[in-house]
Each structure stands twice: as structure tokens, then as C-alpha cells.
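Notes for the one structure printed next.
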Number of protein chains: 2
Amino acid sequence: MKRIAICAPGAPLAREAAERVLRIAENYPALELHFHDQCFASEGHFAGSDAVRLAALLECANDPAFDAVWFAKGGYGSARIAEPFLGALEAAGGRKEYLGYSDTGTLLGALYGRQIGRQTHAPMPTDVLRTDGEAAVARVLDWLAGLPGGVEPALGPEPVAAFNLMTLAMLVGTPLMPDLSGHVVLVEEVAEHLYAVDRLFFHITSQLPDIAGLRLGTVSAVPVNDRAFGCDEEAIARYWSERTGIPYLGRAQIGHDAENRIVPFGLARATQVS
Amino acid sequence: MKRIAICAPGAPLAREAAERVLRIAENYPALELHFHDQCFASEGHFAGSDAVRLAALLECANDPAFDAVWFAKGGYGSARIAEPFLGALEAAGGRKEYLGYSDTGTLLGALYGRQIGRQTHAPMPTDVLRTDGEAAVARVLDWLAGLPGGVEPALGPEPVAAFNLMTLAMLVGTPLMPDLSGHVVLVEEVAEHLYAVDRLFFHITSQLPDIAGLRLGTVSAVPVNDRAFGCDEEAIARYWSERTGIPYLGRAQIGHDAENRIVPFGLARATQVS
């Protein structure tokens, strides 16, 4: 039996999402999901105050009975609690897998930088609410049950990390940023203008000079601007990669949609999962 | 006679704005304004291609006949041409004042970092289109004519720099970033959600440990979110300042509005203007 604790470091999860995820999990007898009540807390933008979110995250991480911590939803908030979280992690927190993406990439990146536990870019419980969202959730449950069919197909022999572009841009240069030298870095974005995507690539490419390459996931829900940007998101990624000497390696199947694939941080572990 | 060259490193300027600025400038016999044709060029998002914008900027900066370069509009684009611009600047470019804000803060910051010329956060020609925009433009023309009445009132004895928050966040950590140790840093923002403002403060405050203090300008046109953030922009600025040990010094009168004040980078020069 693998026990998975679920908490919300950023925005609150809808109860309906938890209920639907639990119904899907009934098909996985080897998995036991525990939604922490904090997932449904609400205080302004957040799923509870910083103290409430931090306490829930630490309960999930430090409890030796759990094998994994699955982040329920992004939406911003991880950056406020990441540093105190790292400071209060106990030994049990280092023996877990942490799964999520988007804003919770801040936590994945910070944990990866300190080599605490394992970190996996993966869909989150809130994704069940998307069209075809059950498939996204089943992909994660498959992965947790030892079926690696939902892993990003483009992974090679180099270590990898996957981030939301904005989340990575806010992480880079801070004490929470992991060393990504030699890594293939996958980025995706949602709900940003293409000029903002270009600006974010300016920011990250100048600070990732030693990465092995860049792959571009989905850039979705781009707002309509008063004029067209003039090129698409892949041309932007190519432009800044070439300008800064980073190999551009093509697309990846990550993004804020139901197709979002599993990306285990570090060296590919797809064949090592038990 | 002071001659001022105007070009657009980011988005194009409306011809109407140039015409209205020229009419206001008729009241300033000591000033001569030259709008470069590139201000009105258009290619996708930008006021002409990178090559076109760079060439115009260099023409303005390297021409010894001009005393100042005034950026016509922000809107993103400076980051694409800042590095080649610095590489091709000639001696005459170092004897000028550069004025603008928003996206063009990238250029002001990069020039300030290399101590090339003087840099002044100031309204731009495009601001004439705002309600009461004539006052914003007159404030800059006053400044250029030696009348410092429009200078930000909160400036003290420490060196200062003023930035759009997003522009500063994209600049920090890059080779274009100036050393702001000991500076009072003024930031303003427009059209960003408060959660994004919070995220930007997380990013910048962790990388400005040695600044003398932070002042918050106007945070305007905040989009309506599906829920309230839970605190206002000043509480955000205080939170991250306290958390990172930066003195929070209060508000400043800079922002994306007609009230936007003049902030000469570095040590206050208000009384030194001839």
C-alpha cells in the first residue's frame, strides 16, 4: 500500500475535485489518498493563511506514514512558505516523493536543489475539473502505482526539470533556485501575453547558461492583445535559446491542460519505479 | 538650446501623441524636440524590428548634436536591444540624459549600471494621451528646461533608482542589472494581479539585500480576480520588505498615470540642474 498525502500550498481546491479524484482512486487498490482538510481552507487568495498552509504541508511531509505528498492545486502561494518549510522538514520528509506543477514548482525546485526526497512534475487533483481531466489524474495514479506510461516521451539521458515559465522566472536567482547545470529544462506557460513570454525568456535564458537544453511545452490561454506579437511561442523560445547559446531541443507535452505529462526531476527514473 | 531626440525602443507611438507633445513644447523656447520616424514604425508588437529600433536608438544616442534621449513609449522591447545598444554606444552617448520609465527602465538600468550618461525616470510622450497627460509631459519639459518642480518629493540623501516592478524583476540577475547597493529603490506597477505583485516582490526582495530602502509607487489597473487577494499592495510591500530586512520607507508618486514624478537616478540632482 502506498499512502499519498494531499495539501494545497497555494490556492484552495474545490471539494468536487477531491470527490472526483477519490472516485478515480477506487480503481487503484494499491494507493490510499488522504486529502488534508487544509485543501479546502480559504483566506483571501490562499487556501488558508501562510501559517495554516505551512502547517499542513509539514504535517504531510513529516509524517512517516505517507510515501508521497501530492500538491492539490497551484495558483500562487508556495513562495511564501517554501523557506520555512525547508527549515522545518524532518527526516521523514526526505524519504518522500513530491508531485505537482505550476506554482508548486517553487517547492519542487527548492526540494530538488537540496536533494530532499524526489520531485515530480505531474498533474494535480484540481486538473480533474478540466475537459478529459480524469485522464490527467489517472496518469498520476498510474505513475504512483508503478506504471510509467504517462511520462513525458521526450526525456533523454540528461537530468531534467520541468517548470511553469513564470514560476521558474520568479525562482531563478533566489536562494530557493536549484542548480540546473547540465539539465534539460522543460517550460510551459498559461494565460500570459506573448510579449510577457518573450520577457520571461529574456530573464531565464540569461541565467541558465550551463543547461543542456530547453524544451517548450504548451503555451495556452494567451490573452488577446491589441495587436499580434509577430511570431509564435516556439519562435520566441528559439530566439532566446540561440541568442544565449542554449540548445533548443523542441517541444514537450507539458502544460496547463489534460495532456500534461509526468516529468521526474533529475535523471530519468521511469524504469526504476517499483 | 537643448536638443532632445525621441525614439521608441518598445512599442510604437501614436502620431497624435507626438503632435500634442510638439504643441506643448512650443511653450519651451529653450527646448527642441526631434521625433525619430522610427517612433511610428510597426512590426508585430514592436515599433519596428529589433534592428530598426536598435538603429534609431543608436542614431539618437550617438549623435553629438543631441543633449538628451527621451523614450517615446514602453510596452516591451527594450530587453531585446539593450545589450547590442550598450555594445555600439559611442562617446557622445555617454554625455546625454536618458528619460523614460516602464519597459524602458531596462535601458535606464543598464546605462546606470555602466555609468553611461544620466538616467531619469520620467513620463514619456505617450503619456500625453492620458487624462491630464499634458501635465505629465510638461513636467518632463520643465525638468529638461531646468525647472525641477516635478521631482518626486520623497527623495532623500541616498542614491535612488525607480522602476516598474515587472521590469525590475526581469532585469535583476541579468548582466544588465545595475548595482543598487545603498540605493532607495522606487517601484510601481500596472495591470498585474495582486498575487502577481506579491510574487514579484518575492523575486526582487530576495535579490536586493543591500538596498537602503524600498518605496512603493502606484499599483494601478489591477485586474479583477475571481477572489480578493486579502491585503493591499502596501501590505505586500511591507510584508516582503520586513521578511528580507529591507527598510520600507512608504509611498512614492510614481506610476502609470499622469501624476508620475521625475526621479533622477543616483544622487539627487534636483539642485544641480542648470
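Below, read A as the first sequence line, B as the second, and so on, with proteins coming before strands; counting in each chain starts at 1.
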Report yes if the side chains of B:Leu194 and A:His45 come closer than 4.5 Å at any heavy-atom pair, otherwise no. no

Quick check on B:Tyr76 against chain A: is it the side chain, the backbone, both or neither that has a heavy atom closer than 4.5 Å? side chain

A:Phe46 six-ring face occupied by B:Arg227 cation (under 6.0 Å, within 45°): no

Under 4.5 Å from any heavy atom of chain A - which part of B:Arg243: side chain

Measuring from B:Ile204:CD1 to A:Met170:CE, what's the distance to the nearest 0.5 Å? 10.0 Å

Toward chain A, the part of B:Ala11 with a non-hydrogen atom under 4.5 Å: both

Chain B shares the most heavy-atom pairs under 4.5 Å, among A:Ser42, A:Gly77, A:Cys231, A:Gly173, with A:Gly173

Let's test your reading of the structure: which of A:Asp103, A:Thr167, A:Asp198, A:Thr174 forms the most heavy-atom pairs below 4.5 Å with chain B? A:Asp198

Would you check if A:Arg199 and B:Met166 make a side-chain contact, meaning some heavy-atom pair closer than 4.5 Å? yes

Which one, A:Gly75, A:Ala79, A:Gly230, leads in non-hydrogen pairs under 4.5 Å with chain B? A:Ala79

Measuring only between side-chain heavy atoms, which start at C-beta, is B:Trp240 closer than 4.5 Å to A:Arg80? yes

Just how far is it from atom CD of A:Glu83 to atom OG of B:Ser206, taken to the nearest 0.5 Å? 8.5 Å

Take atom CG in A:Asp232; do more than 12 heavy atoms of anything else shown fall under 6.0 Å from it? yes

Can you tell if the side chain of B:Tyr239 reaches within under 4.5 Å of the side chain of A:Asp50, non-hydrogen atoms only? yes

Does atom CG of B:Asn225 have more than 12 heavy-atom neighbours from other groups under 6.0 Å away? yes

What part of B:Ala228 lies closer than 4.5 angstrom to a heavy atom of chain A: side chain, backbone, both or neither? backbone

Taking all non-hydrogen atoms of both residues into account, name the closest pair between B:Val172 and A:Gln207 and its distance. O-NE2, 3.7 Å

Heavy-atom proximity to chain A below 4.5 Å, by part of B:Leu176: side chain

Quick one, B:His203 and A:Leu171 - any side-chain contact, counting heavy atoms below 4.5 Å? no

